Amino acid sequence: MTFFEELKKRHVFKVGATYAIVAWLLVQAADVFFPALHVPDWATTLVAGLVLLGFPVALLLAWAYEVTPGGIVTNAEAHVSGSVTQVSSQRFNYIIMGLVILAVAFLLVDRYVLDLRPAGKAVTRFADNGTLPVIAATVMLPAEAPLGVATADIGFDSPSIAISPDSRWLAYISTDPDGSHLVRHRLDGFSQPEKIPGTEGAIHPFFSPNGKFIGFLTNERLKRVPVEGVDVKTIAASSSPVRAQWLEENTIYFVDDQGNSLRRADVRSGNVEVVGKNMPLFFSSVLPGTEFALATQRNFSISGDYAEIQRVDLKTGNFEPLGISGFDARWIPNGHLVFGRNGHLFTVPFNVKSAEVEGEAQLVLKNVAMDSTFHQVQMAHSAAGTLVYVPGTDRAVGQVIVVDVDGQESSLLPAPQRFGVLDVNANDNELALQVADVKDYVWVYDLVQGKGKKLSGSVGFGWPKYAPDGSLAITENTEATIDTRIKLVPANGSTPRLLMDSTEVEANVSDWSPDGTMLAISNWNTSRVSLFDISGQTELQELAAESLEWGAVFSPDGQWLAYSSDETGRFEIWVRSLAENGQRRQVTVNGGIESVWCPCGKIFFRRGDEFWSIAVQTEPELGFGTEELTFTVADFLDTPGRSYDVSSDGQKLYTLKRSEPAIIDRVHVISNWQESL
């Protein structure tokens, strides 16, 4: 008898096949049920190792022993009777057939039943299992509910997407002809995104820690809605909020005053406390424990790529750099910070208890939509380990354009850049604009000849504003300290003259008086409008105010100011007489910022990507016409301060637009993305 026939006679092959099927079933069962029972990840590996080690042992036992009706005996004893061998052989056939049927049944259940479990549960289990690979997917959004861009009529963009703690829900801001609204979309099913009634005007979503509510901001309110309901409730009023974070069950931190203030709201009572205000920072998130916050501080550039991420002590108000450049830093539970820089997402190890960086930053995702000017990254992460983000690049990169009243548009500078404030001189033949760099500078462009050059002596400065004689006032561009240096660069090329050097004021020039003797100043550390006499005045003349005011411009006769004020609860355009005890009048009723008082007799202002105008008369008494939509700019690019100017006849608009259209039809989802760290 050959060795092969002996193996067959002793049922070694059948025992091996039986053992292999049983071992496979054990490993599959462990992989499916261990996570649900919260068994440690290494247990599945242990089971696989043990059954592998047991395979040769089973073969040896099959060679040496036989199972008979009389019990386990040696093969020599078992094969004395052929009938016993035949009975044993038939028994093994039945056992193998039963195991094959069981294995097929398990495959069918695993394929068509277990895989139909809610995706949210699967994502949670996946995120908890560090041995599984990263899984990426794309959620395509319907044409009737695209992602919103430039949704804040008054202010700038906020992060527009959020994901629930358990990774089951995606919330995002969408826009249609009726405006912006909040949309929710289940990630664990096949339902379509749903616009939530009563959320009109939403600009920023965020979830409660228990995942039962979606919080959201409008231009004037902090609100919330059940994740599966429509009962919208207002929590608190706010002025031009930017972002929020529901850190504890009944506590929401939110940033308002266009990024100037950090406040804390009690969800039950609606009471609001000021946590930080008038600091040279832009808050991005509050760390668990509520002792520290993360913020961005710009130095000599409007671009957040060159900014420093700061740790802020919420008790003392002191802040210090963490030693990393970038913006919109947020903590994720696996012990890292994520932040944006140059259109990409970076991470760095971070100790949340000590609020200290503990390693080197590394690139983890390329081409994520963000705005380096306003320190916004279009991403969110869940407690279950899922990351969602909008693909794209730095939306602050743009081009300078001119648009006429008929809607005809043309580019002025071919190379896209990160730009800031721009201004056109009184003769409409020259444009000055701030260009972002490690240290910003001012670029002067001849609108007639189509040529430009860097303004000598402007490195580290920005916020250009032409005087009536063609000279330029420029302001040192720094938020590192509360101070202001303003200098005048004469049009004839002579030596620049220092106009203001203050260590107590953080401000910039918003306009010149028509006679060239007075500056209108936006004082950012007091949120007030001030006047400054360039003939030798050493102190600002701060104008009395009822609320936050900025961006003042003179009337053509120099007797009035137009400016933005949030006296009504949101920013509107107002005018005031410069005469003693002069009158004040509200100009707009539907919101407005960035006023320009044109020599043509109109006040221009902005709502989102729409530029409106209203005719104004000051003699014999103050009077206004009706609002008119004058210009609309697709892919409009907002900047700090005033983001546009108009020609002296009101027929042309000079502004910025994004160099690449924003992606609005998809969101990327990555489960267990920490595996890449």
Side-chain angles (χ1 to χ4, degrees), residues 35 38-42 120 123-136 159 161-167 206-211 243 245-249 251 253 283-297 304 307-315 319-341 344-366 368 370 375 377-389 668-677:
H38 300 289
V39 177
D41 296 340
W42 53 262
V123 169
T124 302
R125 180 172 70 86
F126 177 84
D128 291 339
N129 188 344
T131 64
L132 294 178
V134 175
I135 293 180
I161 59 174
I163 186 171
S164 62
D166 61 4
S167 303
F206 54 97
F207 280 89
S208 63
N210 59 16
R243 63 196 309 158
Q245 181 183 3
W246 203 324
L247 194 60
E248 299 171 352
E249 181 180 357
T251 304
Y253 287 84
F283 289 96
S284 57
S285 62
V286 177
L287 296 173
T290 67
E291 294 182 7
F292 296 97
L294 300 172
T296 306
Q297 182 187 39
E308 292 183 325
I309 296 175
Q310 305 279 332
R311 174 185 64 188
V312 185
D313 189 320
L314 296 180
K315 293 181 179 179
F319 54 91
E320 57 182 325
L322 291 175
I324 48 178
S325 298
F327 54 92
D328 199 359
R330 311 181 207 176
W331 181 76
I332 57 176
N334 75 332
H336 284 73
L337 293 185
V338 294
F339 60 94
R341 188 170 67 210
H344 307 312
L345 198 65
F346 292 77
T347 67
V348 64
F350 186 76
N351 187 321
V352 70
K353 292 183 178 180
S354 62
E356 294 180 346
V357 170
E358 295 186 333
E360 297 295 325
Q362 62 174 325
L363 172 66
V364 289
L365 273 178
K366 291 186 176 181
V368 178
M370 59 187 64
H375 311 154
V377 179
Q378 296 296 337
M379 58 79 64
H381 63 86
S382 73
T386 301
L387 174 77
V388 293
Y389 71 96
H668 289 342
V669 181
I670 304 179
S671 297
N672 205 31
W673 74 287
Q674 297 96 323
E675 285 299 305
S676 63
L677 304 184

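Bear in mind that the values here come from a model prediction, so they are computed numbers and not experimental data.
For I161 against Q378, the heavy-atom pair with the smallest separation is CD1-O, 3.7 Å. Shortest non-hydrogen contact noted between T386 and S671 is OG1-OG, 4.0 Å. Counting all heavy atoms, side chain and backbone alike, F283 lies closest to A293 at CD2-CB, 4.1 Å. Of all heavy-atom pairs between R330 and S285, the closest is CA-OG, 3.7 Å. The shortest heavy-atom contact between R341 and S325 is NH1-O, 2.7 Å.
Under a 3.5 Å cut-off, the side chain of Q245 and the backbone N or O of V286 do form a donor-acceptor pair. Although no hydrogens or angles enter the test, the distance criterion places no donor-acceptor pair under 3.5 Å between the side chain of W331 and the main chain of P333.
Counting only heavy atoms from C-beta outward, the side chains of L322 and L337 approach each other to under 4.5 Å. Proximity of Q362 to T347: side-chain heavy atoms (C-beta onward) are separated by under 4.5 Å at one or more points. Using a 4.5 Å cut-off on side-chain heavy atoms (C-beta onward), P321 and Q297 make no contact. Within the 4.5 Å cutoff, no side-chain heavy atoms of S284 are placed close to those of H375. For the pair L294/L287, a side-chain contact is recorded, criterion being any heavy-atom separation below 4.5 Å from C-beta on. Side-chain contact between L365 and H668 is absent, with no heavy atoms from C-beta onward closer than 4.5 Å.
Between R311 and D313 there is no salt bridge, since no side-chain N of the basic residue sits under 4.0 Å from a carboxylate O of the acidic one.
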Next on the checklist: Between D328 and T296, is the side-chain contact (heavy atoms from CB on, under 4.5 Å) condition met? List the steps.
Outcome noted: CA-CA 7 Å; D328 199 359; T296 306; 5.6 Å; no
Next on the checklist: Set out, in order, the CA-CA distance, both residues' side-chain angles and the distance that settles side-chain contact (heavy atoms from CB on, under 4.5 Å) for F339 and V348, then state yes or no.
Outcome noted: CA-CA 9 Å; F339 60 94; V348 64; 4.1 Å; yes
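Annotation: E358, atom CD; neighbour count of heavy atoms from other residues, nucleotides and ligands within 6.0 Å is above 12.
In this structure, CD1 in I163 is found 13.0 Å from OH in Y389, a value given to the nearest 0.5 Å.
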